[in-house]
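Here is the structure we will look at.
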Amino acid sequence: MSSIAQNIRNIELEIKENVKLVAVTKTKPVPVLQETYDSGFRRFGENKVQEMTEKYNLLPKDIEWHLIGHLQSNKVKYIAPFVSMIHSVDSYKLLKEINKEALKNDRVIPCLLQIFIAMEETKFGLSEQEAIAILTSEELPALSNIKIVGLMGMASNTDDADQVRKEFRSLKNLSYSLKKYDASNVELTEISMGMSGDYLIAAEEGSTLVRVGSAIFGSR
Ligand SMILES: *Cc1c(COP(=O)(O)O)cnc(C)c1O
């Protein structure tokens with residue numbers, strides 16, 4: 001078994017059965033993705049539209065592509081035909097654009113609201129109030145080509161495991177408290193949290209999708 005396949009297997013054994021692994025393949029060349037595919041793995045995460053689109057065009061079509069990085073509205077059209085899930089929705093404007101492009105492709109695109117949970121100032125994401133504003137918007141039910149299926153968050157980049165755990169727990173609690181806004185196109189079941197350095201803590205705290213890159217493919 002290749003080391004990539006072995007790493008994937010080890011991580012899948014560590015996380016619980018109901019936690020899905022997204023292998024973050026950003027910056028990795030197509031042959032590495034092909035090798036991962038050949039080992040039987042199908043769920044890939046990329047953070048840039050152009051890179052994801054190029055790889056999509058070159059690789060088998062039964063791969064699940066997860067967009068995990070910041071997404072500009074004017075680039076939605078490139079991924080709308082094939083993206084499996086967008087983890088990084090951080091504005092109502094973006095959600096409307098995704099809906100428009102999904103409609104053109106006759107698809108419903110699953111989306112996660114990215115929530116700001118870290119101490120740092122630099123990361124993208126919505127506050128709780130901004131998330132509630134989206135979920136209670138009168139126009140939201142009309143967006144029938146998107147489905148908000150959960151929340152995404154990135155913990156602080158720190159060695160303080162207690163701090164990271166606290167941040168993941170706050171996302172889980174927020175997901176629970178926002179369930180009252182479930183609607184025809186809102187069903188908050190997924191929580192995308194956990195990366196190479198903290199996926200075990202995330203899995204313990206209720207993650208359903210861990211996004212792991214360097215622990216599988218080595219450092220970038
Ligand atoms: C790069 C990236 C990851 C994976 O990071 P690793 O530390 O390599 O596991 C996860 N989530 C997002 C949003 C990323 O940009």
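Start at 1 and go down the list; that is how both ligands and their atoms are numbered. Sequential numbering from 1 along the given sequence is applied to the chain's residues.
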Item checked: D90 side, atom CG; L94 side, atom CG - distance, nearest 0.5 Å -> 6.0 Å

Margin query: Regarding ligand 1, does S214 bring an N or O atom to under 3.5 Å of one of the ligand's N or O atoms?
Written below: yes

Note to self: If you define the side chain from C-beta out and look only at heavy atoms, does anything of C111 sit under 4.5 Å from M85?
What the structure shows: no

Notebook entry, point to check: If you measure from atom 14 (C) of ligand 1 to every heavy atom of R211, M154, M195, K26, which option wins on shortest distance?
Noted result: K26

Notebook entry, point to check: Hey, what do you get for NZ (K147) to CG (L188), rounding to the nearest 0.5 Å?
Noted result: 10.0 Å

Notebook entry, point to check: Are K55 and W65 close enough that some pair of their side-chain heavy atoms sits under 4.5 Å apart?
Noted result: yes

Item checked: H87 touching ligand 1 at heavy-atom level, < 4.0 angstrom -> no

Notebook entry, point to check: Can you tell if the side chain of L140 reaches within under 4.5 Å of the side chain of I148, non-hydrogen atoms only?
Noted result: yes

Next item on the list: May I ask you to list the atoms of ligand 1 that are less than 4.0 angstrom from any heavy atom of V212?
Entry: 9 (O)

Item checked: Identity and separation of the nearest protein heavy atom to atom 13 (C) of ligand 1 -> I68 O, 3.4 Å

Check: So, does S207 use its side chain to make a donor-acceptor pair with the main chain of S192 at under 3.5 Å?
Finding: no

Next item on the list: May I ask you to identify the nearest protein heavy atom to atom 9 (O) of ligand 1, giving residue, atom name and distance to one decimal place in Å?
Entry: S196 OG, 2.5 Å

Check: G213 heavy atoms, cut-off 4.0 Å: which ligand 1 atoms fall inside?
Finding: 4 (C), 6 (P), 8 (O), 9 (O)

